[in-house]
Each structure stands twice: as structure tokens, then as C-alpha cells.
Visitor: 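Mind having a look at this structure? Questions to follow.
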Amino acid sequence: MSFAVAADAYDRFMGRYSVPLSPQLADLAGVTPGDRVLDVGCGPGALTAELAARLGPDAVVAVDPSEPFVAAARERNPGVDVRRASAEELPFADGAFDAAIAQLVVHFMRDPVAGLAEMARVTRPGGVVAACVWDHAGGRGPLSVFWEAAHALDPGVPDESRLPGAREGHLFALFEAAGLTGIEERTLVVAVEHPSFEEWWEPYTLGVGPAGAYAAGLEPARQAELRERCRAALPPAPFVLEARAWATRGTVTG
């Protein structure tokens, strides 16, 4: 899935959660100075910035299929090689990197096993592939309150709980299918404070991802009803939302 939205809209919608998630995923991947690392599905560059700060921009390469995101990631991360490409067709030689990382991307890949296998192909033997996906199926992701309210309004609406990697153990299984070894699964948790309900709600109207597309596509009266269902489900502002992601790392064999 390519996000044909402005980078600022993505920042307001998901960046508030992905920025604090990035250090945890980089820790899981075990990247250290001297490594050359690929950020797959970089979006506007949350994880890219974390990797560049740790390793230096010359050691980081990033790809994304969305042209607006590629432009934003380039502008925000001078010195990083940012290219437009999909996970399933990475434009790099075999073993070009010490690690390949995908933050909040696997569930949007056209073919997750193929995408992870490509990440393994461009990583050297003994190198690491790591990824994470929100716990949409367990109701612990950052969008859970929204989707619960949407189901109450429209029981047939498809949510993100069935997407690849969004349930416990599935990301592990995808790594196995992609041929990775020494696979480990962890949970990563972020806590984000929202100063007002409006600050939490307004980004859903920008059309970002499946949730935003659903909210933005509603008629005004239905959208207002969804908004008030969400308001009723949340504590009084300011409030803190805790979100959990399934995270997995595996080793590339020679």
C-alpha cells in the first residue's frame, strides 16, 4: 500500500506514535556504529532519523513507494540516500547491508513474505532483519479506540486486525516463511499524551491509511457520530494512550 498523502498529514496521524517507537526498534535490531542499514518503507523518515543519529547519515539508506514520503525523508535527513522503491523490489545488490529494518510496514506490503525475503537478500549473511507491526488484532494498537467506535457505528467495516503481522505470532511466522533464522519476537510499547480530544481526532479526518480513509469518506453527520463515539470512549483530556507493537528480528543465513 502506498500512502498518497502529504507527509505532514502522516506525521499528525501516525508520526506521534512512530517517533517514540523508532528507538525501541533500532535497539531490537542491535545496530551499532560502523553498520550500514536499510530502512524499508521509511515513510517521512521517523526511523530514518533515529538511525542517522546513531550511525551517521552516510551509513543509512531508506526506501518508500510514496513519492511525497520520499521527498520529505530526503529533506529531513540530509546525507541519507533515500529512494523510491517497494519492499518486494529493492534496488540493491545481495548482502549490501548489515541490517534491514521495516517499521510499521509489513502489514501494508503487497506480499509480506516476498518483502521480508528481499530484505534478507540485501542483508549480509549473519546480518539482521527486523520489523514491527501494531497489535491491531489484540486491541492494543494506537487505532483501537477508533476502530471499536467504527464497528459500533458500522459493524461490517473492515478494520486492520486481519492485516499481516497484526496478531500475536504472525510476524514470527512470516519471518520463518521468508527463510530467516534465530527468530525472536518481542513487544514494544509507547505511551503518548494527547493534550485535547481535538488533537487526537483531527488527524483521522486527513485520509491517512485505512482508518483515515474510512473517517474522511463518511458523510458529515456519520463522521460527527463517529467522532462523538470516540470522545465517549476516551478519558477526559489530557490523556495518555499506550500502544503495543509486535516486533521480530531474525538472522540472515549464508
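Remember, predicted model here, so these are calculated numbers, not experimental data.
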Visitor: Side chain to side chain donor-acceptor pair (under 3.5 Å) with Trp134: which residues, sequence neighbours excluded?
Guide: none
Visitor: Quick one: are Pro236 and Phe197 in side-chain contact, heavy atoms under 4.5 Å?
Guide: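 No, too far: nothing below the 4.5 Å cut-off.
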Visitor: Between Arg249 and Glu185, is there a salt bridge with N-O shorter than 4.0 Å?
Guide: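 No, this pair does not count.
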Visitor: Do His136 and Phe146 have ring centres separated by under 6.0 Å?
Guide: no
Visitor: Tell me whether Glu75 at atom CD has more than 12 heavy atoms from other residues, nucleotides or ligands lying less than 6.0 Å away.
Guide: no
Visitor: For the pair Ser161 (side chain) and Ala137 (backbone), establish whether a donor and an acceptor sit closer than 3.5 Å, ignoring hydrogens and angles.
Guide: no
Visitor: Scan the side chains in residues 173-184 for donor-acceptor partners under 3.5 Å anywhere in the protein, sequence neighbours excluded, and list what turns up.
Guide:
from   : atom 1 : to     : atom 2 : distance (Å)
Thr181 : OG1    : Thr251 : O      : 3.3
Glu184 : OE1    : Arg186 : NH2    : 2.8

Visitor: Any side-chain heavy atom of Arg244 within less than 4.5 Å of one from Leu188?
Guide: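 The answer is no, as the side chains (C-beta and beyond) never meet within the 4.5 Å cut-off.
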Visitor: Are any non-hydrogen side-chain atoms of Leu90 and Met119 less than 4.5 angstrom apart?
Guide: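 Sidechains of Met119 and Leu90: in contact.
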Visitor: Could you state the interatomic distance from CD (Gln24) to OG1 (Thr187), rounded to the nearest 0.5 Å?
Guide: 9.0 Å
Visitor: Can you give each donor-acceptor pair under 3.5 Å made by side-chain atoms of residues 99-109, sequence neighbours left out, with the distance rounded to 0.1 Å?
Guide:
from   : atom 1 : to    : atom 2 : distance (Å)
Gln103 : OE1    : Ser22 : N      : 3.4
Gln103 : OE1    : Ser22 : OG     : 3.4
Gln103 : NE2    : Ser18 : O      : 3.2
Gln103 : NE2    : Ser22 : OG     : 3.0

Visitor: Just to verify, what does Pro125 make a side chain to side chain contact (heavy atoms under 4.5 Å, CB included) with, not counting sequence neighbours?
Guide: none
Visitor: When you check the gap from the basic side-chain N to the acidic O, do Arg227 and Glu198 get nearer than 4.0 Å?
Guide: no
Visitor: Tell me the side chain to side chain donor-acceptor pair (under 3.5 Å) pairs involving residues 41-55, sequence neighbours left out?
Guide: Asp27-Arg54, Asp39-Thr48, Glu50-Arg54
Visitor: Looking at every heavy atom in both Leu28 and Ala247, which two are closest together, and how far apart are they?
Guide: CD2-CB, 3.5 Å
Visitor: So, using side chain to side chain donor-acceptor pair (under 3.5 Å) as the criterion, who are the partners of Glu160 when residues are at least two apart?
Guide: Trp147
Visitor: Taking the basic N atoms (NZ, or NE/NH1/NH2) and the acidic carboxylate oxygens, is any pair closer than 4.0 Å for Arg124 and Asp35?
Guide: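 The answer is no: the pair does not qualify as a salt bridge.
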Visitor: Please report the shortest heavy-atom distance between Ala216 and Thr205, naming the atom on each side.
Guide: CB-O, 3.8 Å
Visitor: Would the distance check show the side chain of Asp154 and the main-chain N or O of Ala150 forming a donor-acceptor pair, the cut-off being under 3.5 Å?
Guide: no
Visitor: Ignoring hydrogens, what is the shortest heavy-atom contact between Ala120 and Val252? Give both atom names and the distance.
Guide: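 Here Ala120 and Val252 meet closest at O-CG1, 3.7 Å.
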Visitor: At their closest point, which heavy atom of Gly45 faces which heavy atom of Asn77, and how far apart are they?
Guide: O-ND2, 4.0 Å
Visitor: What pairs with Arg121 under side chain to side chain donor-acceptor pair (under 3.5 Å), at least two apart in sequence or on another chain?
Guide: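 Partners of Arg121 by the side chain to side chain donor-acceptor pair (under 3.5 Å) criterion, ordered by chain and then number, come out as Asp94, Glu118.
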Visitor: Mark yes or no for whether Gln223, through its side chain, and Ala215, through its backbone, hold a donor-acceptor pair below 3.5 Å.
Guide: yes
Visitor: Tell me, with the steps shown, if Val63 and Phe92 meet side chain to side chain contact (heavy atoms under 4.5 Å, CB included).
Guide: CA-CA 11 Å; Val63 298; Phe92 308 106; 3.8 Å; yes
Visitor: How many angstroms lie between atom SG of Cys42 and atom CZ of Arg84, to the nearest 0.5 angstrom?
Guide: 12.0 Å
Visitor: Can you see which heavy atom on Trp246 is nearest to which on Ala166, and at what distance?
Guide: NE1-O, 3.7 Å
Visitor: Can you tell if the side chain of Val192 reaches within under 4.5 Å of the side chain of Pro142, non-hydrogen atoms only?
Guide: no
Visitor: In terms of relative ring orientation, are Trp200 and His194 parallel, tilted or perpendicular, with 30° and 60° separating the classes?
Guide: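 Perpendicular: the ring planes of Trp200 and His194 meet at over 60°.
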Visitor: Rounded to the nearest 0.5 Å, what separates atom OG1 in Thr32 from atom CG in Leu55?
Guide: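 Going from the OG1 atom of Thr32 to the CG atom of Leu55 covers 7.5 Å.
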Visitor: What pairs with Glu148 under salt bridge (charged side-chain N to carboxylate O under 4.0 Å, His left out), at least two apart in sequence or on another chain?
Guide: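 Counting only residues at least two positions away or on another chain, Glu148 forms no salt bridge (charged side-chain N to carboxylate O under 4.0 Å, His left out).
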Visitor: Measure the spacing between CZ of Phe239 and CG of Leu234 and express it to the nearest 0.5 Å.
Guide: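 Result: 4.5 Å between the selected atoms.
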Visitor: Given the rule in the salt bridge (charged side-chain N to carboxylate O under 4.0 Å, His left out) test, do Arg222 and Glu219 qualify, once you have shown the distances and angles that lead to the verdict?
Guide: CA-CA 5 Å; Arg222 294 274 286 175; Glu219 295 180 355; over 6 Å; no
Visitor: If you draw a 6.0 Å radius around CD in Glu202, do more than 12 non-hydrogen atoms from other residues or ligands fall strictly inside?
Guide: yes
Visitor: Output all residues satisfying side chain to side chain contact (heavy atoms under 4.5 Å, CB included) with Pro238, sequence neighbours left out; order by chain, then residue number.
Guide: Glu193
Visitor: Is the shortest distance from a Lys or Arg side-chain nitrogen in Arg140 or Asp135 to a carboxylate oxygen in the other one below 4.0 Å?
Guide: no
Visitor: I want to check something: taking the side chain as every heavy atom from C-beta on, are Thr248 and Cys132 in contact at a cut-off of under 4.5 Å?
Guide: no
Visitor: Check whether Val128 and Leu51 end up in the same hydrophobic cluster, where Ile, Leu, Val, Met, Phe, Trp and Tyr are linked by side-chain heavy atoms less than 4.5 Å apart.
Guide: no
Visitor: Quick one, Arg83 and Val70 - any side-chain contact, counting heavy atoms below 4.5 Å?
Guide: no
Visitor: What closest approach, in Å, do Val40 and Ala87 show between heavy atoms, and which atom pair accounts for it?
Guide: CG1-CB, 3.6 Å
Visitor: Roughly how far apart are Leu241 CG and Arg16 CZ, rounded to 0.5 Å?
Guide: 8.5 Å
Visitor: Give the cluster check for Val157 versus Val208: same hydrophobic cluster or not, with ILVMFWY residues linked at side-chain heavy-atom distances below 4.5 Å.
Guide: yes
Visitor: Only counting residues at least two apart or in another chain, list the ones meeting side chain to side chain contact (heavy atoms under 4.5 Å, CB included) with Arg36.
Guide: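 Arg36 satisfies side chain to side chain contact (heavy atoms under 4.5 Å, CB included) with Val61, Ala96, Phe97, Asp98 only.
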Visitor: With clusters defined by side-chain heavy atoms of hydrophobic residues (ILVMFWY) lying less than 4.5 Å apart, directly or transitively, does Val19 cluster with Phe69?
Guide: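 No: no chain of side-chain contacts under 4.5 Å links Phe69 to Val19.
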Visitor: List the residues meeting side chain to side chain donor-acceptor pair (under 3.5 Å) with Asp111, not counting sequence neighbours, and say none if there are none.
Guide: none
Visitor: Suppose we screen for side chain to side chain contact (heavy atoms under 4.5 Å, CB included). Which residues come up paired with Asp8, at least two apart in sequence or across chains?
Guide: Arg12
